[in-house]
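Letters A, B, ... are given to chains in the order of the sequence lines, protein chains preceding strands, and every chain is numbered from 1. The structure presented is a predicted model; accordingly, all values stated were derived computationally and were not measured.
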6 protein chains.
Amino acid sequence: MGTEKITPMEPKYPSASKTVMTDLVLPSDTNPINNLFGGELLARMDRAACIAAERHSEQVVVTASVNHVHFRKPVPLGSLLTLEAKVSRAFGTSMEVFIDVWKEEHEKRAKEKVNEAIYTFVAVSKDGIPVAVPPIVPETALEQERYDGALRRRQLSLILAGKLKPEDATELKALFS
Amino acid sequence: MGTEKITPMEPKYPSASKTVMTDLVLPSDTNPINNLFGGELLARMDRAACIAAERHSEQVVVTASVNHVHFRKPVPLGSLLTLEAKVSRAFGTSMEVFIDVWKEEHEKRAKEKVNEAIYTFVAVSKDGIPVAVPPIVPETALEQERYDGALRRRQLSLILAGKLKPEDATELKALFS
Amino acid sequence: MGTEKITPMEPKYPSASKTVMTDLVLPSDTNPINNLFGGELLARMDRAACIAAERHSEQVVVTASVNHVHFRKPVPLGSLLTLEAKVSRAFGTSMEVFIDVWKEEHEKRAKEKVNEAIYTFVAVSKDGIPVAVPPIVPETALEQERYDGALRRRQLSLILAGKLKPEDATELKALFS
Amino acid sequence: MGTEKITPMEPKYPSASKTVMTDLVLPSDTNPINNLFGGELLARMDRAACIAAERHSEQVVVTASVNHVHFRKPVPLGSLLTLEAKVSRAFGTSMEVFIDVWKEEHEKRAKEKVNEAIYTFVAVSKDGIPVAVPPIVPETALEQERYDGALRRRQLSLILAGKLKPEDATELKALFS
Amino acid sequence: MGTEKITPMEPKYPSASKTVMTDLVLPSDTNPINNLFGGELLARMDRAACIAAERHSEQVVVTASVNHVHFRKPVPLGSLLTLEAKVSRAFGTSMEVFIDVWKEEHEKRAKEKVNEAIYTFVAVSKDGIPVAVPPIVPETALEQERYDGALRRRQLSLILAGKLKPEDATELKALFS
Amino acid sequence: MGTEKITPMEPKYPSASKTVMTDLVLPSDTNPINNLFGGELLARMDRAACIAAERHSEQVVVTASVNHVHFRKPVPLGSLLTLEAKVSRAFGTSMEVFIDVWKEEHEKRAKEKVNEAIYTFVAVSKDGIPVAVPPIVPETALEQERYDGALRRRQLSLILAGKLKPEDATELKALFS
């Protein structure tokens, strides 16, 4: 088994994991002022990102972390909500997934961006042991940009978790110099 | 109305917003390897934090952002899950809320910390207009530490949103010097 | 209002209503032998088709009928399920929507077709009064085939509802001569 | 086992499988104009018909197909909804089930028929292998009428599935001659 | 309006409110040892009894109290569960409702009684003001027995609520003399 | 095993089982006049009490009975609902649990008591066999009062179940003499 691990896995494109989830905003999804609950959106983003990570890794995956998520615009009851998730970069056994979210309101009908979030997943065996996943090769300009940013976000995440010293986070440090 | 706004609001303690939510982990909350779904935990944390923010502000509140959330340990089907949420700091119309999460597994029974997350909420009128909330006065050492950290997190959040230049984030900059 | 109705509506392509809904099959969606419930699939197809009909008509829509739906293959717990819905033809105030369904099982990962269904929706005003919808112009060979079949299905449906005499269903009669 | 199969199963009456499911129409069951979602009704009909087929066959059953379902009248939020399901005919390992649906609106209180649907189920062993079910002996005039119609519907279904040539569907052909 | 109240309401039979609710026991309804949750059964009994009380009163009704409910037998996952609710007696604006519950397990198929409960509802106007309901006239021996017992239960309930002195509960006192 | 049973279990305080469950009242929890459904409250009380009984017994527990529950005040949509459950007394393998319920309405914000209920649970092994639980030692005056009342309630429950003759219920008989 040890020698097999040396064999590098075939890389994949982000598009191979692309996952689209369109659904309605129903009464049971809304808060007292009739907009989509933040928690419901967080749960839908987790499901869409989880599917993208499963498609990339062909393994069971578990949510490892959620990065900054900003709720920019309210999503009213009755809107159509579309989530699009794609793996942006893989690090050994973990995958960073970008989720873009749009709404289509009933009277307006034009698609409007409401959210953008980054979740990280780890691929695991049935016993919960992390397993390696294929690397990512970005194709489009946006995929390249997100691929590059993934390293800075990983450094920041490791610092905040106390696993990396700020002075060793070279990519991130550059931002503040 | 203009003069009223000048009147500072009576500050409140974090304990006044303390919200405890204990519940079971049921089959419909679990993933294919029988552990709690990340998305379900994100949604419960949003509800608990939302209640804490409502108790602090006595207003309707909406989720504004979610900061780094790390899922450290799996929570098996049948566990008891306890969330405790408290407002850690207020900034004008927004509130930072800390959520601590513990599990009690069936055979073990000892409480074990599984998660810690930070959500930000904005208090709004019924028309969705942001309204001012009382300031926070920390009491315990942990509350003070979280109160202090809130400023750094806010700066980081503003930088990532492009609303603050990294060089102006004095609190945060200190970390990398 | 009478003269406005004479103005023909701008036709639309089926692709303009294309709706993709990918989601997991969770424990609460399955029957005692751990496969997706027929009723849960019927409900998801209704939501996906409803969204396609809303996108085509830019109106509230209500389900009018469901045609023959065959459940060809079991969809096991933990599968990914992808529904794709597109309006195939419009008749005045009603729209026929095709829904194609694929599963990706956990071990296999290859997409496999599991279902194909046809739902009909009516566009309505907020008072529930039917309103006209744009006609459809098929583009691909499959869209043309489904567009043509829609007329036969409509005749069969009208016969079964007692609103058309079998001998007047010219399109359908040809099948049996 | 081969000789056992020759033993004909004891026939049953439709009344032995009669299943009544009365429930409320709650906010989470309704569309943006406050009427019951078509998809929710399809799912309830599937559950009621599934129970009738289980009672007839005394086996696990899976949904095989749904025939023409027409949604004749809106069912407003707060209505009482009553479904009555009965097996109308059995064919080897499959069963046709009729579901009649009534609503009782809040102000009116009189029972009003809103729907009538036909679902087909197959009885299966725990491994998913189809198993034989008892034949049906109709008792009432309505049961006889539905029993007779079942053969025509089966022929139509086989034609649409490409398993029967239209010219061999003698029962159905008579309709168009 | 005062004189109208004097007009006695037309009495009704318990059978006029009879409500049958049959449904499956699904994974999301069960506890860690795969039996129906007590709380889920309590909620289903509330819905069935609520419908019986609505049918009797032709009004909106709200749950006023639940009397002794004993859970005698476990109901395994995959069982069919049948609830039958009937108004047993009316007192001014309130109604006592009996709910009988049976299960049919998958292998066994014989109906087995698992529960019997008594709920009390109050009929209310849309503003929540209690409104009078028709009296009950029992027909069968069981209906008569439950009608008679209702008075003793009402006395016990009033004593426990501190609204009746034990010595004035003549019906109940007889039990202990 | 017989001798082990003689070893008395270490008693516990009610506070060791204290369970707090705070959550929102959402649209899917409400009846047609926009107040919390009785059945939803019964289900939440069952879950909170179940957790308290699990914490006391460190075993799987099943609901055995529900005593008188009175719904005193409506709980409007959007309210915060807090349940607090504590084991009040243990009898061999069963536990009586008190649940106190408060609401915080949106405009008012003051906590208001809305309900008080008593559920009984039995601790069971994984095969469903009842197992012994630790005795309770009350600490506060309220805990003592509830501990004392538990014996009278148990006698009443046994009488109503036909397992105790009224004349042998000494504690209860005293009430009526």
Side-chain angles (χ1 to χ4, degrees), chain C residues 29 31-50 54 59-76 115 117-122 124-128 149 152-153 156-157 159-161 165-167 169 172-177, chain D residues 29 31-50 54 59-74 76 115 117-122 124-128 149 152-153 156-157 159-161 163 165-167 169 172-177:
Chain C
D29 305 325
N31 64 21
I33 54 170
N34 286 317
N35 291 321
L36 179 66
F37 253 113
E40 171 63 21
L41 179 48
L42 289 166
R44 290 193 192 185
M45 292 194 297
D46 183 67
R47 290 212 308 282
C50 165
E54 287 198 359
Q59 303 287 347
V60 171
V61 305
V62 297
T63 317
S65 71
V66 176
N67 289 318
H68 289 275
V69 181
H70 290 271
F71 296 89
R72 302 194 208 146
K73 289 176 186 158
V75 182
N115 217 315
I118 306 170
Y119 281 56
T120 306
F121 287 80
V122 170
V124 292
S125 68
K126 295 212 163 163
D127 311 315
R152 285 194 300 277
R153 284 184 291 274
L156 180 60
S157 170
I159 289 170
L160 294 177
K165 289 187 195 158
E167 58 267 29
L172 194 64
K173 217 175 158 182
L175 268 184
F176 294 96
S177 61
Chain D
D29 305 324
N31 64 21
I33 53 170
N34 286 318
N35 292 321
L36 179 65
F37 252 112
E40 171 62 21
L41 179 48
L42 289 166
R44 290 193 191 187
M45 292 193 296
D46 183 68
R47 288 211 311 280
C50 166
E54 286 198 359
Q59 303 287 347
V60 170
V61 304
V62 296
T63 317
S65 70
V66 176
N67 288 317
H68 289 275
V69 181
H70 289 272
F71 296 89
R72 299 195 211 143
K73 288 176 187 159
N115 217 315
I118 305 170
Y119 281 57
T120 306
F121 288 81
V122 170
V124 293
S125 68
K126 294 211 163 163
D127 311 314
R152 283 195 301 276
R153 284 184 292 273
L156 180 59
S157 171
I159 289 170
L160 294 178
K163 292 181 185 161
K165 289 185 193 159
E167 57 269 30
L172 195 65
K173 217 174 156 181
L175 269 182
F176 294 97
S177 63

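Proximity to chain C is limited to the side chain of D:V124, based on heavy atoms less than 4.5 angstrom apart. With a 4.5 Å cut-off on non-hydrogen atoms, C:Y119 touches chain D through its side chain but not through its backbone. Only the side chain of C:I33 comes within contact range of chain D, judged by heavy atoms closer than 4.5 Å. Both the backbone and the side chain of D:V66 come within contact range of chain C, judged by heavy atoms closer than 4.5 Å. The contact between D:N31 and chain C is made entirely by side chain atoms (from C-beta outward), counting heavy-atom distances below 4.5 Å.
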C:F71 and C:L36: side chain to side chain contact (heavy atoms under 4.5 Å, CB included), yes or no, with the steps? CA-CA 11 Å; C:F71 296 89; C:L36 179 66; over 6 Å; no
For D:I118 and D:R153: C-alpha separation, side-chain torsions, deciding distance, then whether side chain to side chain contact (heavy atoms under 4.5 Å, CB included) applies. CA-CA 10 Å; D:I118 305 170; D:R153 284 184 292 273; 3.3 Å; yes
Please determine whether side chain to side chain contact (heavy atoms under 4.5 Å, CB included) holds for the pair C:D46 and D:F37, giving the CA-CA distance in whole Å, both sets of side-chain angles, and the decisive distance to 0.1 Å. CA-CA 9 Å; C:D46 183 67; D:F37 252 112; 3.9 Å; yes
Pair C:N35, D:V62 - check side chain to side chain contact (heavy atoms under 4.5 Å, CB included), show working. CA-CA 9 Å; C:N35 291 321; D:V62 296; 5.7 Å; no
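For chain D, the option among C:C50, C:G128, C:A43 with the highest count of heavy-atom pairs below 4.5 Å is C:A43. Of the listed residues (D:G38, D:A117, D:A64), the one with the most heavy-atom contacts under 4.5 Å to chain C is D:A64.
A donor-acceptor distance shorter than 3.5 angstrom exists from the side chain of C:S125 to the backbone of C:D127, with no hydrogens or angles considered.
Separation of atoms CG (C:L42) and OG1 (C:T63) is listed at 11.0 Å; rounding is to 0.5 Å.
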